[in-house]
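The structure appears below as structure tokens.
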Amino acid sequence: MKATKLTALSFVIMLLLAACSGTSKIDNGTLPASDGANEIAVALFERDDLFYRVAADRFEDMTGVKVNIKNYLDKEILYRSFETGDYAEQYKIEEIYVEKMKTELMAGIGADIYHIQGIDEYVFGNNGHLCDVSSWIEEDKDFSDNIVFKKLLTGTSDGGKQYSVPLGFSVERLYPLSEVPEFGSERLTWREFFEKTKDLPKKSKVFDDTGINIFMNRYNAVFNKYVDLQNRTQSLNNPEIIALLKECKKWQDDGLCADASEPHEEAAYIQESAGDPITVEYPALYCCSYAWPSNATILSSQPVEIYGNIERSYPMVSDYEEGERNSDFWPSALMGINAGSKNRRTAWEFVKFLLSPSSQVSNIDDFSLNRQIFAQSVEKSFKKAEALGADVDVAAGVAEAVEFVGDSNGFYISKPYYSIGYDIIEDYFYERITAEEAAKRIANKTGIFLKEMN
């Protein structure tokens with residue numbers, strides 16, 4: 001589960017952007033005509049840019065257009081952070097990238113394509129700094145639903161506008177970490193989940209995440225019920241928000257989930273070493289696990305048994321209403337096109353190319369939004385399980401996974417204003433203030449933001 005904390009600096013910048021509504025805007029409503037560019041620039045913040053560099057070389061071979069890739073995340077810094085556990089240097093580099101992207105987008109200069117990272121793309125898009133590609137997707141035959149998962153690909157849109165194209169996605173799943181009762185295919189709310197599991201014998205807790213993160217999921221699910229962005233009003237200081245705070249805190253105090261005030265040990269997983277399983281002690285009964293190409297079998301209802309361990313998963317717990325955006329589908333590698341670029345059509349062609357079988361391979365980190373590549377990665381995962389002795393139906397598993405993704409309702413969008421009161425929520429869970437005081441402060445802080453936003 002993810003909760004993005006809005007820093008004070010980001011909050012100030014968003015308020016400053018709100019004042020930029022007078023910026024001259026380019027009409028990006030229709031698919032641009034050919035611009036004849038022979039060179040474009042792409043700015044990235046990726047731990048591994050090999051995929052992009054290989055794609056750039058192939059694109060140049062096919063079109064004659066040179067793609068200059070600039071990755072601001074230094075691998076040496078990344079590896080040093082992994083080794084030492086000190087991420088300050090990496091965070092500083094990310095801050096530099098984000099500030100450079102913001103400055104260049106607002107000035108209409110810089111790269112033609114940006115890897116969207118650390119900004120609210122809707123603020124920048126609505127102010128005319130990122131291209132709205134919603135109509136481009138509709139016009140372009142390469143984005144038909146039989147080629148891509150269109151409902152997901154357009155799942156980053158907001159209010160009919162879309163300012164980035166996701167290249168991939170991951171899926172949150174509820175994953176049992178020991179022998180526990182099975183759930184069905186229906187999604188459980190957090191209250192239903194803890195009601196069903198409260199009497200289970202537990203090693204330390206039922207769910208391997210903090211009370212704060214569980215609250216954030218529930219808070220985001222009801223946010224639009226109490227906040228009217230169009231009219232800039234809110235009523236967050238209400239009994240439901242107070243009750244949500246208290247209930248999540250009680251689950252934490254009762255030991256049903258991780259304690260936000262204590263060091264959080266991530267759930268351990270069965271790993272392989274020289275073909276032999278390593279048995280580990282699990283700190284919880286269930287956790288939030290991500291489905292990637294490497295473990296795509298958990299998208300299927302088939303239990304996959306390897307080395308005596310049964311792999312299965314269930315829909316992630318969520319308080320979102322049925323039919324709303326999928327709270328368990330997360331977009332990755334968001335590509336935004338600079339509205340100030342003179343090479344918008346060529347930039348668009350390269351973004352399309354990044355989604356095509358000509359550039360993508362089945363073992364990239366995340367699932368591809370291209371149907372063919374996605375099916376290949378799921379098949380590969382099932383065949384690997386089969387080779388390790390699992391009794392699986394490969395074809396049925398692939399078909400089920402494709403149907404599951406194709407029926408999704410779009411991505412979960414983590415808006416920065418969802419997390420405006422995150423520091424206040426922390427104060428409540430750390431028992432510095434009451435739930436009533438927390439709700440009051442969240443409402444006041446959100447109200448200030450709404451008055452200043454564009």
Side-chain angles (χ1 to χ4, degrees), residues 13-14 17-18 20-45 52 55-56 59 63 65 67-70 97-98 100-144 148 150 152-168 331-356 359 369 410-411 413 415-416 454:
I13 289 174
M14 288 174 66
L17 275 170
C20 297
S21 57
T23 303
S24 59
K25 301 180 181 181
I26 300 171
D27 181 12
N28 293 305
T30 59
L31 191 62
S34 176
D35 49 49
N38 55 26
E39 191 172 351
I40 60 171
V42 179
L44 299 175
F45 192 84
Y52 298 92
F59 188 73
T63 66
V65 177
V67 181
N68 297 306
I69 304 288
K70 171 67 173 176
Y97 170 73
V98 171
K100 181 177 178 62
M101 174 173 53
K102 290 175 178 177
T103 301
E104 291 178 348
L105 284 175
M106 287 191 288
I109 60 174
D112 301 289
I113 302 171
Y114 285 92
H115 173 202
I116 302 300
Q117 175 93 0
I119 68 169
D120 184 350
E121 63 192 88
Y122 303 98
V123 172
F124 280 79
N126 289 337
N127 282 322
H129 306 306
L130 286 169
C131 293
D132 176 10
V133 299
S134 54
S135 62
W136 302 9
I137 292 172
E138 291 303 316
E139 292 178 44
D140 202 315
K141 59 181 177 55
D142 290 328
F143 283 102
S144 60
V148 298
K150 193 167 183 177
L152 266 189
L153 187 131
T154 58
T156 60
S157 64
D158 188 40
K161 296 182 180 296
Q162 181 164 349
Y163 298 112
S164 69
V165 175
L167 301 183
S332 61
L334 296 169
M335 297 290 114
I337 297 178
N338 189 340
S341 168
K342 297 179 180 179
N343 308 318
R344 295 190 298 281
R345 180 55 182 259
T346 304
W348 176 247
E349 294 300 323
F350 183 65
V351 170
K352 282 200 309 179
F353 186 75
L354 290 173
L355 271 168
S356 72
S359 71
L369 281 160
F411 289 116
I413 298 178
K415 294 286 196 177
N454 180 32

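Worth knowing before you read on, the calculation uses all heavy atoms, side chains too, and leaves out hydrogens, waters and symmetry mates. All figures in this text were calculated on a predicted structure; none of them were measured in a lab.
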Are the side chain of D35 and the backbone N or O of T346 linked by a donor-acceptor pair below 3.5 Å?
yes

Please determine if E121 and K161 form a salt bridge, counting it only when a charged side-chain N lies under 4.0 Å from a carboxylate O.
no

First locate atom CG of L369, then atom NZ of K150, and finally report the distance between them rounded to the nearest 0.5 Å.
13.0 Å

Check: R345 side chain, P32 main-chain N or O, donor-acceptor pair, under 3.5 Å
yes

Please round to the nearest 0.5 Å and tell me the distance separating atom CD of E349 and atom OG1 of T63.
9.0 Å

Any L130 side-chain heavy atom under 4.5 Å of I116 side chain
yes

I'd like to know if the side chain of D132 reaches the main chain of Q162, judged simply by a donor and an acceptor atom lying under 3.5 Å from each other, with no hydrogens or angles considered.
yes

CZ of R344 to OG of S34, rounded to nearest 0.5 Å, is 12.5 Å

Measure the CG-CG distance between D112 and N343 for me, rounded to the nearest 0.5 Å.
4.5 Å

With rounding to the nearest 0.5 angstrom, report the OG1 to CD distance, T154 to E138.
7.0 Å

Using a cut-off of 6.0 Å, state whether more than 12 heavy atoms not belonging to N38 lie near its atom CG.
no

Exercise: do N338 and E104 side chains pair donor with acceptor under 3.5 Å
no

Point-to-point distance, once rounded to the nearest 0.5 Å, from CZ of F353 to CZ of F59
7.0 Å

